[in-house]
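Data block below; observations after.
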2 protein chains.
Amino acid sequence: MTRVGVTGEFGLIARLASHIPPYADDVLEGIGDDVAVVRLGGGRILLLTCDIQVAGVHFLTDRITPYQLGHRVAAINLSDIGAKGGRPRHFLISLGLPADTEAEYLEALYDGLRAECQPFGVDVVGGNVSRLATLAIDAFLVGETEEAFLVTRAGARAGDLVLVTGDLGASRAGLALVLEPALQASVPEAAASAVLAAHLTPHPLVAEGQIIARTGVATAMLDVSDGLAADLGHICDQSRVGVRLHEALIPVSAAAAVVAAARDFTAHADAERGVGRAWPAGNDDPALGWALGGGEDFQLCFTIRPGGLETVRAALRARGCVATVIGEILPEGEGRWLRRRDGSDQPLAAGGWDHFGAG
Amino acid sequence: MTRVGVTGEFGLIARLASHIPPYADDVLEGIGDDVAVVRLGGGRILLLTCDIQVAGVHFLTDRITPYQLGHRVAAINLSDIGAKGGRPRHFLISLGLPADTEAEYLEALYDGLRAECQPFGVDVVGGNVSRLATLAIDAFLVGETEEAFLVTRAGARAGDLVLVTGDLGASRAGLALVLEPALQASVPEAAASAVLAAHLTPHPLVAEGQIIARTGVATAMLDVSDGLAADLGHICDQSRVGVRLHEALIPVSAAAAVVAAARDFTAHADAERGVGRAWPAGNDDPALGWALGGGEDFQLCFTIRPGGLETVRAALRARGCVATVIGEILPEGEGRWLRRRDGSDQPLAAGGWDHFGAG
């Protein structure tokens with residue numbers, strides 16, 4: 001017998017996937033992607049995703065308001081559909097509730113959920129409530145796209161450029177403030193607000209994902225949820241390619257750098273283990289470690305054919321979104337690397353979040 | 001502040017629904033139905049449902065094998081899509097796992113899930129794993145149908161006949177054996193096996209639901225999950241009608257009657273409270289109480305125009321399925337009744353399952 005604490009999250013998923021028979025022809029992406037991709041016929045594509053938020057695991061009830069939590073639940077799922085270039089459409093919300101949960105808490109959660117859904121025209125069309133010892137919100141989101149504009153994780157090719165929108169590390173810096181409230185006293189208020197917002201109420205780049213997909217130059221895309229290095233690993237696994245990132249090009253959040261500078265990293269080795277392991281490069285540059293390994297920034301990481309850079313940048317500029325080139329796709333046999341500022345190449349370890357801490 | 005233990009499951013759902021803005025035109029059924037119904041265009045309809053099974057709430061890990069549990073999780077959701085006359089298509093499975101969960105347990109669960117899905121051509125296309133203190137399996141199922149064949153809960157009209165497939169009460173009798181293993185010694189093995197199978201590995205009537213929907217004579221339909229009386233209450237609420245059931249016509253499971261006869265009901269008042277309250281009529285006929293209030297039989301309860309009886313029976317006969325007329329739909333103002341064998345009318349109390357035990 002092997003406990004999931006030993007197989008780890010991704011080992012377990014691989015084992016369970018081996019118990020699923022080959023898919024019917026209409027299933028383009030199944031287990032292993034954050035979003036299942038299914039043909040509806042007539043060139044239409046259905047996108048299916050789910051994400052659970054559990055008190056004490058994904059959030060702390062005394063550090064996030066229910067309204068913020070509703071916003072966060074919606075955003076995490078909306079981001080997954082956006083990263084496929086899709087239009088999010090319909091939520092089902094499954095609530096696991098201790099009997100002493102207050103109805104007013106859940107009403108505020110629904111208000112936050114609704115406010116985040118409204119600009120995207122997304123309806124909450126159903127769900128489920130059950131008793132559960134721990135508060136948990138499991139959200140299922142259905143979206144749509146067209147096969148002609150579908151971008152998966154599997155299309156990157158050697159020579160493609162790797163880009164990321166916005167900047168990285170702010171969500172992980174916000175988590176540091178959530179877990180270590182004392183730290184907040186030594187961080188300027190503007191930086192603290194920025195990183196807390198990035199962590200508690202992230203903004204899903206749905207329109208931006210659609211824009212990128214419709215340029216026709218993107219070959220693979222996902223949202224930065226597990227951590228840039230781990231997420232790029234998913235693209236490399238599924239596209240069967242290698243990658244080289246350039247440390248000097250990674251857009252590290254300025255607010256995250258301010259928080260990192262205020263924090264004594266040597267004192268937090270223990271806390272670090274519980275919330276995702278710091279990426280190795282973080283040893284000498286903590287903010288870079290957060291940018292590479294922190295996750296939950298919900299920026300879009302995507303690859304494009306080398307000739308497509310101006311096309312995609314011009315399309316995103318109209319939306320006020322900046323995308324930065326951070327590396328290039330290599331042939332699979334050439335490996336996965338981070339080129340440091342000193343010109344040396346360091347293996348790109350995933351170092352992202354694993355629910356069962358294995359690996 | 002009002003705790004969900006006070007609002008109850010259905011009170012909570014009503015409060016949350018009031019926080020959801022009016023739906024877009026493509027949403028035909030939203031919160032309040034077990035299945036959300038959404039227009040896809042071109043007469044196509046998307047059906048969305050979810051159901052969570054939590055250890056200690058919905059099942060006991062030492063009384064159901066993981067293979068059976070996988071079967072049960074699949075069946076409960078397949079039944080919901082079948083009760084809309086739909087074709088189930090794609091599952092997402094969200095697992096909440098204590099860290100000591102064994103991978104082999106989950107593999108067996110997936111094997112049961114797959115075995116139950118295979119005859120229906122349903123694929124498990126994705127999901128999620130998360131740490132959770134309690135084992136929980138949250139399943140999300142997408143199905144399809146055509147608008148021309150859609151049967152909801154809202155179409156019943158005064159004068160319609162009420163029918164139910166198969167017989168009722170076996171699942172609740174199986175639950176009695178699960179909760180009171182000592183009872184098994186006094187029940188003949190054939191009856192014990194039948195009711196345990198009904199409870200642990202129910203059979204979803206997907207083909208039968210499609211057949212009923214395609215006759216064109218059905219005006220409302222659902223699966224018996226909360227309990228016949230409670231489920232008929234949902235049809236009455238959403239169709240704005242009343243109903244009269246006839247006690248003498250209710251098809252009580254013979255195996256359930258055998259288990260009920262072997263059980264001392266006066267000794268189990270406490271146990272009863274935890275697992276759904278016995279329906280009032282059960283005071284003098286426990287097996288009837290289980291048939292009316294037990295739930296989870298996953299038979300189809302539906303209403304038809306009075307001239308359609310032969311049409312629907314002939315269509316079901318070809319499938320080996322028997323449907324029994326158990327009552328008639330009344331105008332809303334005439335109320336909801338059970339006509340007892342002595343000719344008296346007793347109010348049809350719901351008495352079904354409520355997750356937070358209110359009401």
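Keep in mind that the numbers below use all heavy atoms, side chains included, and drop hydrogens, waters and symmetry copies. Below, read A as the first sequence line, B as the second, and so on, with proteins coming before strands; counting in each chain starts at 1. Just so you know, these numbers come straight off a predicted model, no measurement behind them.
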Nearest heavy-atom neighbours spanning A/Cys50 and B/Asn128: O-ND2, 2.9 Å

Heaviest contributor of heavy-atom pairs below 4.5 Å to chain B, chosen from A/Ala36, A/Ala103, A/Ala133, is A/Ala103

Test log, rule side chain to side chain contact (heavy atoms under 4.5 Å, CB included), inputs B/Val57 and A/Leu132: CA-CA 8 Å; B/Val57 178; A/Leu132 195 67; over 6 Å; no

Considering only heavy atoms and a distance below 4.5 Å, find which of A/Asp51, A/Val37, A/Ile52, A/Val124 pairs most often with chain B. A/Val124

So which atom in B/Val38 and which in A/His90 form the shortest heavy-atom distance, rounded to 0.1 Å? CG1-NE2, 3.0 Å

Best-contacting candidate, A/Glu29, A/Arg44, A/Gln118, against chain B by heavy atom pairs under 4.5 angstrom: A/Arg44

Between A/Leu48, A/Asp34, A/Leu95, which residue shows the highest count of heavy-atom pairs closer than 4.5 Å to chain B? A/Leu48

Chain B contact via A/Glu144 - side chain, backbone, both or neither, heavy atoms under 4.5 Å: side chain

What is the distance from atom OG1 of A/Thr7 to atom CD of B/Glu102, rounded to the nearest 0.5 Å? 11.0 Å

Is the shortest heavy-atom distance from the side chain of B/Leu113 to the side chain of A/Ile20 under 4.5 Å? no

Bottom line for B/Ala108: the part with an atom under 4.5 Å from chain A's heavy atoms is neither

For a quick test of reading the model, state the closest non-hydrogen atom pair linking B/Val4 to A/Ala99 and the distance between them. CG2-O, 3.5 Å

Do the side chains of A/Glu104 and B/Arg15 get close enough for a salt bridge, i.e. N-O under 4.0 angstrom? yes

Heavy-atom pairs under 4.5 Å with chain A, option from B/Val54, B/Ile13, B/Leu106, B/Thr101 with the top count: B/Thr101

Take atom CG in A/Asp25; do more than 12 heavy atoms of anything else shown fall under 6.0 Å from it? no

Nearest heavy-atom pair of A/Tyr110 and B/Ile31: which atoms, and what distance? CE2-CD1, 4.4 Å

Between B/Glu107 and A/Leu16, what is the shortest heavy-atom contact and its length? N-CD2, 3.8 Å

Test log, rule side chain to side chain contact (heavy atoms under 4.5 Å, CB included), inputs B/Asp138 and A/Phe140: CA-CA 10 Å; B/Asp138 201 7; A/Phe140 296 104; 3.8 Å; yes

Between B/Tyr105 (side chain only) and A/Arg3 (backbone N and O only), is there a donor and an acceptor less than 3.5 Å apart? no

Tell me, out of B/Thr134, B/Val125, B/Leu109, B/Val142, who's got the most heavy-atom pairs with chain A below 4.5 Å. B/Val125

Nearest heavy-atom approach of B/Arg114 to A/Pro21 is CD-CD, 3.2 Å

Tell me, for A/Val35 versus chain B, whether the close heavy atoms (under 4.5 Å) come from the side chain, the backbone, both or neither. neither

May I ask you to decide if B/Ala24's main-chain N or O and A/Asp123's side chain share a donor-acceptor pair within less than 3.5 Å? yes

Atom pair CG/CG of A/Leu46 and B/Leu46 - distance to nearest 0.5 Å: 5.5 Å

